[in-house]
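What you see below is based on every heavy atom in this structure, not just the backbone, and it leaves out hydrogens, waters and symmetry mates.
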Amino acid sequence: MRVLGIDPGSRITGYGLVEQSGSRLVHVDNGAIFTDRALDFPSRLRIIFEGISRVVAEYGPDAVAIEDVYVSENVRSALKLGQARGAAIAAAVHAGLPVAEYTASQIKQAVVGQGRAGKEQVQGMVRILLGLPEVAQADASDALAVAICHLNSHSLRQKTGPAVLTSRRTGSWRNYRP
């Protein structure tokens with residue numbers, strides 16, 4: 001299975017392709033799509049859409065995984081990030097690919113084993129897991145981590161089957177029995 005991981009951004013959108021060969025993860029390619037700040041925002045979204053479309057056409061991934069929006073205090077930045085994600089998702093869906101979304105903590109958990117891992121820890125583990133000679137550009141490295149997260153999640157679902165949610169309602173904290 002070949003997965004295109006995407007780390008969306010309105011100025012830099014990272015992408016990384018990882019393929020699973022048996023139990024091994026194989027680095028295919030990574031890079032970044034840079035937009036020009038001098039352009040109007042719709043033109044920057046077009047660049048992201050076209051860039052992801054080119055990567056999909058060139059490498060033919062089986063699925064796309066993208067980092068979910070992190071909502072910060074800066075609402076304007078969050079909205080722009082959401083629109084950049086939308087352009088990337090639209091390119092994937094336009095190509096007929098399934099899209100999975102993961103939070104930053106899910107990605108860190110899948111790659112490092114800890115949801116609160118630092119950026120450097122994630123980048124270092126990506127380098128080790130994929131056998132890269134050096135740490136990839138920051139946005140590309142994050143995108144590779146998204147792809148690794150999806151492949152790990154996909155492998156786990158294949159081994160264990162779909163998740164089953166169970167509920168033990170206690171009615172009240174006073175009635176709670178572990």
Q: Not counting sequence neighbours, which residues clear side chain to side chain contact (heavy atoms under 4.5 Å, CB included) with R54? List them please.
A: E50
Q: Restricting to side chain to side chain donor-acceptor pair (under 3.5 Å), what partner residues turn up for D62, sequence neighbours left out?
A: none
Q: Could you pull out the closest heavy-atom pair between I6 and V146, with the gap in Å?
A: O-CG2, 3.9 Å
Q: Check the pair L4 / V64 against side-chain contact (heavy atoms from CB on, under 4.5 Å), numbers first and verdict last.
A: CA-CA 5 Å; L4 169 61; V64 173; 4.2 Å; yes
Q: Which pair of heavy atoms, one from A63 and one from M1, lies closest together, and at what distance?
A: CB-CE, 4.0 Å
Q: Tell me whether the count of non-hydrogen atoms from other residues, nucleotides or ligands lying under 6.0 Å of CZ in R11 goes above 12.
A: no
Q: Applying side chain to side chain contact (heavy atoms under 4.5 Å, CB included), name anything that partners L129, two or more places apart in sequence or on another chain.
A: V111, M125, I148
Q: As an exercise, state the distance from CD of Q123 to CG of L132, rounded to the nearest 0.5 Å.
A: 11.5 Å
Q: In the structure I gave you, are the side-chain heavy atoms of V56 and P61 within less than 4.5 Å of one another anywhere?
A: yes
Q: Can you see which heavy atom on Q83 is nearest to which on F41, and at what distance?
A: OE1-CE2, 2.8 Å
Q: Between A136 and N30, what is the shortest heavy-atom contact and its length?
A: CB-OD1, 3.9 Å
Q: So, taking the atom named CD in Q121 and the one named CZ in R116, what distance separates them when rounded to the nearest 0.5 Å?
A: 12.5 Å
Q: Could you tell me whether a side-chain N or O of S21 sits under 3.5 Å from a main-chain N or O of R24, the two making a donor and an acceptor?
A: no
Q: Please report the shortest heavy-atom distance between L151 and Q20, naming the atom on each side.
A: CD2-OE1, 3.8 Å
Q: Applying the 4.5 Å side-chain criterion to the ILVMFWY set and letting contacts propagate, would L45 and F49 be lumped into a single cluster?
A: no
Q: Can I89 be reached from L97 by stepping across I, L, V, M, F, W or Y side chains whose heavy atoms are under 4.5 Å apart?
A: yes
Q: Quick one: side chain to side chain donor-acceptor pair (under 3.5 Å) pairs with a partner in residues 130-143, sequence neighbours left out?
A: K119-D142, Q137-D139
Q: Tell me every residue that passes side chain to side chain contact (heavy atoms under 4.5 Å, CB included) with A104, counting only those two or more places apart in sequence or in another chain.
A: E67
Q: Please determine whether residues I66 and V55 belong to a single hydrophobic cluster, defined as Ile, Leu, Val, Met, Phe, Trp and Tyr linked transitively by side-chain heavy-atom distances below 4.5 Å.
A: yes
Q: Going through the distances and angles, do T13 and Y15 end up as a side-chain contact (heavy atoms from CB on, under 4.5 Å)?
A: CA-CA 7 Å; T13 293; Y15 66 88; 5.9 Å; no
Q: For a 4.5 angstrom cut-off between non-hydrogen side-chain atoms, does D29 reach Y59?
A: yes
Q: Using the side chain to side chain contact (heavy atoms under 4.5 Å, CB included) criterion, which residues pair with A143? Sequence neighbours excluded.
A: D7
Q: With a 4.5 Å cut-off on side-chain heavy atoms, are L130 and L25 touching?
A: yes
Q: Looking at every heavy atom in both A145 and V122, which two are closest together, and how far apart are they?
A: CB-CG1, 3.8 Å
